Asks: 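Could you have a look at this structure, given as structure tokens, before my questions?
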2 protein chains.
Amino acid sequence: MSVGVKIILNEGLFLREPQDSKLGRRIIKYSIHLIDAYGFEWFTFKKLAAEIGSTEASVYRYFENKHFLLLYLVNWYWEWVRYLIDIQLINVVDPKLKLKIVIKSLVTASKDNPGVPYVDESILHKIVISEGWKAYHTKSVDEDNTKGFFKAYKELASTVSKILLEVNPGFRYPFALASHLFEMSNDQIFFSRHLPRLTELSEVNNVEEALEEMLNYFMDRLLK
Amino acid sequence: MSVGVKIILNEGLFLREPQDSKLGRRIIKYSIHLIDAYGFEWFTFKKLAAEIGSTEASVYRYFENKHFLLLYLVNWYWEWVRYLIDIQLINVVDPKLKLKIVIKSLVTASKDNPGVPYVDESILHKIVISEGWKAYHTKSVDEDNTKGFFKAYKELASTVSKILLEVNPGFRYPFALASHLFEMSNDQIFFSRHLPRLTELSEVNNVEEALEEMLNYFMDRLLK
DNA sequence: CAAAAATAATAGCAATACTATCATAAATTA
DNA sequence: TAATTTATGATAGTATTGCTATTATTTTTG
């Protein structure tokens with residue numbers, strides 16, 4: 001169904017589009033694996049180059065530095081979520097059902113999809129959860145924002161906020177709630193994994209299922 | 001009222017307690033200023049030492065590295081919030097009022113308090129907002145958690161979750177909501193400053209007042 | 001006033017975050 | 001198919017970072 005998908009990203013994020021070459025796709029694939037396995041601080045272009053049998057200089061021809069690579073990956077993820085939500089929402093008219101689908105998509109976006117062989121979405125999702133903030137909590141956030149590096153996330157928030165208003169036109173904070181739906185979704189998974197006393201999701205067998213239920217519970221009450 | 005307050009922190013966070021010496025207090029004071037002004041990535045012990053007219057080696061006698069210093073500052077902040085909430089909750093019995101006070105304290109914790117001259121709480125709050133995640137989104141999060149480095153935050157979440165249950169004993173996710181109350185409070189301020197399209201707080205004159213109102217609005221609906 | 005403790009001054013080292021140059025391989029195009 | 005452009009590899013180099021070590025000088029405390 002989604003075979004051959006290519007996520008189009010802001011050109012300012014890269015020097016050469018990595019999705020268009022063999023080396024580029026290896027850079028994407030193995031940076032995801034290394035960042036997940038050892039963390040973003042540990043990760044360097046030198047180590048990545050060693051891993052894929054290339055050189056530091058070659059990686060630098062694709063990305064200015066590792067911050068841009070992280071921005072690229074995080075953007076890729078949110079564009080992917082947006083793509084999933086868009087195709088799932090086709091022909092759906094009931095606002096409440098739309099919201100349920102958005103929540104389901106958010107949660108299932110973390111499942112690997114074979115359509116893009118060089119991106120393991122489930123690992124990328126782990127990176128977005130544990131390193132995602134580092135992409136926008138920097139001194140360059142305002143500059144990055146001007147360049148449109150957060151467009152995917154912002155457009156998704158806009159889409160969802162409209163659905164929230166359809167469910168309850170009187171709700172006062174649709175944007176805040178939309179952005180918080182995303183943050184909550186990721187934070188709660190992080191907490192359940194690492195700081196279990198901070199969430200009820202920890203005591204559960206199927207975290208994804210429980211998260212979906214929790215998000216629906218919160219939305220129901222907030223929009224009632 | 002709070003003159004002479006000394007926040008007691010986990011001893012594993014430092015090599016020598018910085019609050020107990022002149023140099024230590026300068027380290028705290030100026031690290032807060034420098035991290036706020038230039039960001040945590042830019043910040044180094046060498047630059048801090050230059051700023052306070054000391055040496056790199058001397059700073060290293062207080063903290064193992066800058067990650068520990070950040071953990072110290074973030075912990076200090078949450079202990080501070082807990083202190084504020086504790087004193088404000090004395091003699092209050094009505095659960096709904098308690099919750100309102102918690103929210104007010106969360107928001108006003110960001111006001112500078114002259115009781116601790118070497119900590120500018122309003123700047124420290126900015127750091128917690130923009131760099132706080134970096135303190136716990138690391139590969140060492142599980143180890144740090146074992147050492148009790150997140151105790152302040154977790155105990156606060158526990159306190160608040162109990163209040164949430166008092167307001168509505170049937171609420172299913174008191175811990176998730178408590179932790180999210182904190183996250184939301186900080187995220188929304190960050191968004192209003194840097195990604196204004198993601199929140200309604202941006203179009204407002206007094207962000208703190210609007211945030212307090214927003215949080216109360218969310219809690220009211222969730223616990224109704 | 002002596003002893004202990006804290007700080008300063010200085011040096012050094014391996015790793016990081018790049019940049020530059022030149023050679024070679026692969027892909028395009030004439 | 002040869003010529004040419006383009007991508008990659010190999011190698012080297014540099015300033016900064018993140019430390020550790022040593023010794024000298026203050027400051028504190030008993």
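Reminder, nothing fancy here: chain letters follow the sequence lines and each chain counts from 1. The model shown is predicted, which means the values in this text are computed figures rather than measured ones.
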Asks: By ring pair (Phe, Tyr, Trp, His ring centres under 6.0 Å), which residues pair with B/F182, not counting sequence neighbours?
Replies: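 B/F182: ring pair (Phe, Tyr, Trp, His ring centres under 6.0 Å) contacts with B/W78, B/Y153.
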Asks: Give me each pair satisfying salt bridge (Lys or Arg N to Asp or Glu O under 4.0 Å) with a member in residues 114-126 of chain A, each pair once, sequence neighbours excluded.
Replies: A/D36-A/K126
Asks: With sequence neighbours left out, write down each residue that passes side-chain hydrogen bond (donor to acceptor under 3.5 Å, both in side chains) with B/S58, or none if nothing qualifies.
Replies: B/T55
Asks: Under the side chain to side chain contact (heavy atoms under 4.5 Å, CB included) test, which residues partner B/K162, sequence neighbours left out?
Replies: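 Side chain to side chain contact (heavy atoms under 4.5 Å, CB included) list for B/K162, sorted by chain: B/S158.
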Asks: Shoot me the first and last contacting nucleotide of DNA chain D against chain B, ordered 5' to 3', at under 4.0 angstrom to non-hydrogen atoms.
Replies: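 Contact boundaries, 5' end first: D/dT17 to D/dA21.
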Asks: Going by the rule ring pair (Phe, Tyr, Trp, His ring centres under 6.0 Å), which residues pair with A/Y60 if we only count those two or more places apart in sequence or in a different chain?
Replies: A/F45
Asks: Considering residues at least two apart in sequence or located in another chain, which fulfil the salt bridge (Lys or Arg N to Asp or Glu O under 4.0 Å) criterion with B/K29?
Replies: none
Asks: I'd like to check the salt bridge (Lys or Arg N to Asp or Glu O under 4.0 Å) partners of A/K47; sequence neighbours left out, ordered by chain and number.
Replies: none
Asks: To the nearest angstrom, how far is A/L69 atom CG from C/dA17 atom P?
Replies: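 Result: 12 Å.
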Asks: Assess whether atom CZ of B/R193 is packed by more than 12 heavy atoms of other residues, nucleotides or ligands within 6.0 Å.
Replies: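 For B/R193, atom CZ is crowded (more than 12 foreign heavy atoms under 6.0 Å).
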Asks: Pull out every residue in residues 38-47 of chain A that has a heavy atom closer than 4.0 Å to any atom of DNA chain C, ordered by number, or say none.
Replies: A/T44, A/K47
Asks: How would you list, by chain and number, every residue that makes a salt bridge (Lys or Arg N to Asp or Glu O under 4.0 Å) with B/E131, sequence neighbours excluded?
Replies: B/K134
Asks: Please write out the pairs of protein N or O atoms and N or O atoms of nucleotides 7-9 of chain C separated by less than 3.5 Å, giving the distance to one decimal.
Replies:
unit_1: C/dT7; atom_1: OP1; unit_2: B/Y62; atom_2: OH; d: 2.9
unit_1: C/dT7; atom_1: OP2; unit_2: B/R16; atom_2: NE; d: 3.4
unit_1: C/dT7; atom_1: OP2; unit_2: B/Y62; atom_2: OH; d: 2.9
unit_1: C/dA8; atom_1: OP2; unit_2: B/S54; atom_2: OG; d: 2.3
unit_1: C/dA8; atom_1: OP2; unit_2: B/S58; atom_2: OG; d: 3.2
unit_1: C/dA8; atom_1: N6; unit_2: B/R61; atom_2: NH2; d: 3.2

Asks: With A/E212, which residues qualify under salt bridge (Lys or Arg N to Asp or Glu O under 4.0 Å), at least two apart?
Replies: A/K104
